[in-house]
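Taking it in order: structure first as structure tokens, then the write-up.
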Amino acid sequence: MAASTEPLAPPRARGFWGWWHSPSGRRAQFVVVYAVILFFLFLVLRRLGLDTAFQLKWLPFIAGGIPVTLLVCFGSIALAVVLALLGALGRISRNPIFNGMATFYVSIIRGTPLIVQIFFIYLALPQIAQTFPDRPWSRLLILPSIAAGILALGVNYGAYMTEIFRAGIQSIPHGQREAALALGMTYGQMMRRIILPQALKVIIPPTGNEFIAMLKDSALVSFMGAQEMFWRAQKIGRQRFRSMETLLVAAALYWIMTMMFESVQRRIEARLGRSEREVVMH
Amino acid sequence: MAEPIVSVKNLHKWFGDLHVLKGINLEVQPQEVVCIIGPSGSGKSTFLRCLNFLEKPDIGDIHIAGYHMPAKPHYSRKEQKLIREIRMHVGMVFQSFNLFPHMTALENVIEGLITVKRMPREEAVKIGEYFLEKVGLMDKRDEYPNRLSGGQQQRVAIARALAMQPDVMLFDEPTSALDPELVGEVLKVMEELAAEGMTMLVVTHEMGFARHAANRVIFMDNGVFVEEAPPEEMFAHPKHERTREFLRHIL
């Protein structure tokens, strides 16, 4: 019956294998796996006989396109967020005009390839402008390449993000709506003060994913002449007949950018998750 | 007899084919406390929610807090504005509290004053603190709802409704979602409110509250008001068999 005077504790793992299975050991396992995969990738790439000196020489030039890439992406995501919010409100609305427009927008943009939309904005808009030669606003349709790129990407991602926003808004419990209305709020007040602030927490993580995807899709706006990173890689690659080298450099840079934004997003999600994991008393 | 503050005539409501409210008539005098009891599915909550038009009735007439709004299939913009005005004068407390989780207790209480009544913030805070004090939760004014117990959340919800200084308060099963130990603190607030003369319509299963605080108890079943009587009479000498059967299970 006499209890041991030593407090019980879980047995501590010892030795190399003890550490190997601990949390820090598991992180090391991960690094090892990554290193092995990268090594094999390296072996494969070596077989291509790439001119690595060339790659290193032009790396700064290619990386110099990153600011333009980021400009296009930030501009596009801002436009996409605005369109997604309007689209979501339209999809939820009982007004047939708003609902119809929003549903059509989502359907046609999600139903056609991004590259087609890009070429359309690049080629078709100026052509349409030409059919209205004496109207002053027709000049607006002839956009500089970066603006056209932002327009195309923003409109495209806005359609996909509409569903994210709609789901986020509809995930807010119905009782919130009722409490707001019971106080005498209008629809607009309810949305602005009660629903959207709560929906934002739900919407931000998937929006982060969209941004990370957009980083790569931004390469397509190079076909409009926007001189972002991919455009630079293509230019040098074609000039010197070393496209494989430069495209791989671009790919590596996209990968690094993606990993950086992923870590930013992890931090944002952790901050959002923490405020909800407060102690709940009952 | 004074002018009734709530007057409902021939209220009908359907959910699809289901006839949920079958010709309800009700008059409530100012400062009266009316409890509505009955089995689930009887339409008690639906009826309450029609009074502030969270549910739109199909047939009937509602006079409440000096306003009149008949049942209509579609409400014009002007009528929607009137409904919002009605809601400013009719407070509602929900079974699931429905506090705004992204705001503190005080912010919850003053939200209606600032956004709907467009009151300047200092004035709203004074009123909000008064009502938080009234429900005994001034010390929790800067806490977020997820750090409050159920009973505390419901009391904040009551303060939030009271801050709008309504003429009528509607309670939709205010204690049904609470752990038994927490029910008492909410009922205490409600009893005080009744004693101070607030007109209250309460859908509840708490017969103790009905006995202490209600002027009138209404038994509702299957979309109709079966029986109405002061609590002592209702509980001691129920006239209808359905009432007797229900009370047998509850008491």
Side-chain angles (χ1 to χ4, degrees), chain A residues 81 85 88-89 92-99 164-165 167-207 268-282, chain B residues 48-49 51-55 77 80-103 107-118 140 143-153 157 160-161 163-164 166 169-170 172 177-179 181-182:
Chain A
V81 164
L85 181 59
L89 292 176
I92 294 176
S93 162
R94 269 177 295 182
N95 179 315
I97 301 177
F98 291 142
N99 196 312
I164 294 175
F165 275 58
I169 291 173
Q170 291 184 318
S171 76
I172 305 305
H174 212 61
Q176 292 291 301
R177 226 163 297 248
E178 298 190 337
L181 293 175
L183 287 172
M185 285 195 199
T186 63
Y187 180 80
Q189 290 167 338
M190 172 187 82
M191 276 294 171
R192 251 182 307 119
R193 303 284 304 171
I194 309 300
I195 304 295
L196 288 176
Q198 296 182 57
L200 265 173
K201 289 205 184 121
V202 178
I203 285 170
I204 283 178
T207 300
I268 295 178
E269 289 195 20
R271 182 102 38 96
L272 285 177
R274 201 172 23 223
S275 65
E276 290 183 354
R277 249 183 284 121
E278 304 265 351
V279 175
V280 178
M281 290 163 48
H282 271 298
Chain B
L48 210 70
R49 289 153 61 88
L51 293 180
N52 70 349
F53 292 89
L54 279 185
E55 301 286 356
R77 276 217 189 279
Q80 286 174 24
K81 192 153 179 274
L82 194 67
I83 288 179
R84 284 199 296 273
E85 233 186 285
I86 292 176
R87 290 170 176 165
M88 279 166 49
H89 290 87
V90 177
M92 184 162 227
V93 176
F94 299 88
Q95 179 174 347
S96 45
F97 333 136
N98 293 337
L99 287 184
F100 306 134
H102 59 301
M103 299 181 182
E107 285 168 349
N108 261 277
V109 174
I110 65 178
E111 179 59 28
L113 299 173
I114 292 185
T115 300
V116 181
K117 288 195 168 175
R118 303 190 187 281
K140 302 282 186 193
E143 294 283 11
Y144 284 90
N146 64 4
R147 294 180 67 84
L148 300 174
S149 73
Q152 292 169 333
Q153 287 186 51
R160 178 176 66 178
M164 298 289 281
M169 282 283 281
L170 306 176
D172 189 358
L178 293 175
D179 289 339
E181 320 92 63
L182 304 173

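To find a chain, count down the sequence lines: A is the first, B the second, and so on, and within it residues start at 1.
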Please look at [X] and chain A and tell me whether the side chain, the backbone, both or neither of the residue comes under 4.5 angstrom of a heavy atom of that chain.
X	value
Ser96(B)	neither
Met88(B)	both
Val93(B)	neither
Phe100(B)	both

Measure the spacing between [atom1] of [X] and [atom2] of [Y] and express it to the nearest 0.5 Å.
X	Y	atom1	atom2	answer
His174(A)	Leu54(B)	NE2	CG	9.0 Å
Thr115(B)	Met190(A)	OG1	CE	13.0 Å
Met103(B)	Arg193(A)	CE	CZ	4.5 Å
Met92(B)	Leu181(A)	CE	CG	11.5 Å
Gln176(A)	Leu99(B)	CD	CG	8.0 Å

Look at the side chain of Asn98(B) and the backbone N and O of Ala179(A), then say whether any donor-acceptor pair between them is shorter than 3.5 Å.
->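 It does not hold such a pair.
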Any donor-acceptor N/O pair, Gln198(A) side chain to Pro101(B) backbone, under 3.5 Å =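 A pair under 3.5 Å: no.
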Shortest non-hydrogen contact from His102(B) toward Ile194(A) =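 Nearest pair, atom of His102(B) first, then Ile194(A): CE1-O, 3.7 Å.
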Flag side-chain contact, heavy atom, 4.5 Å: Arg160(B) against Leu183(A) =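 SC-SC contact between Arg160(B) and Leu183(A) confirmed.
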Measure the shortest side-chain to side-chain distance between Glu111(B) and Met185(A) over non-hydrogen atoms and say whether it is less than 4.5 angstrom.
->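 Yes - at least one pair of side-chain heavy atoms lies under 4.5 Å apart.
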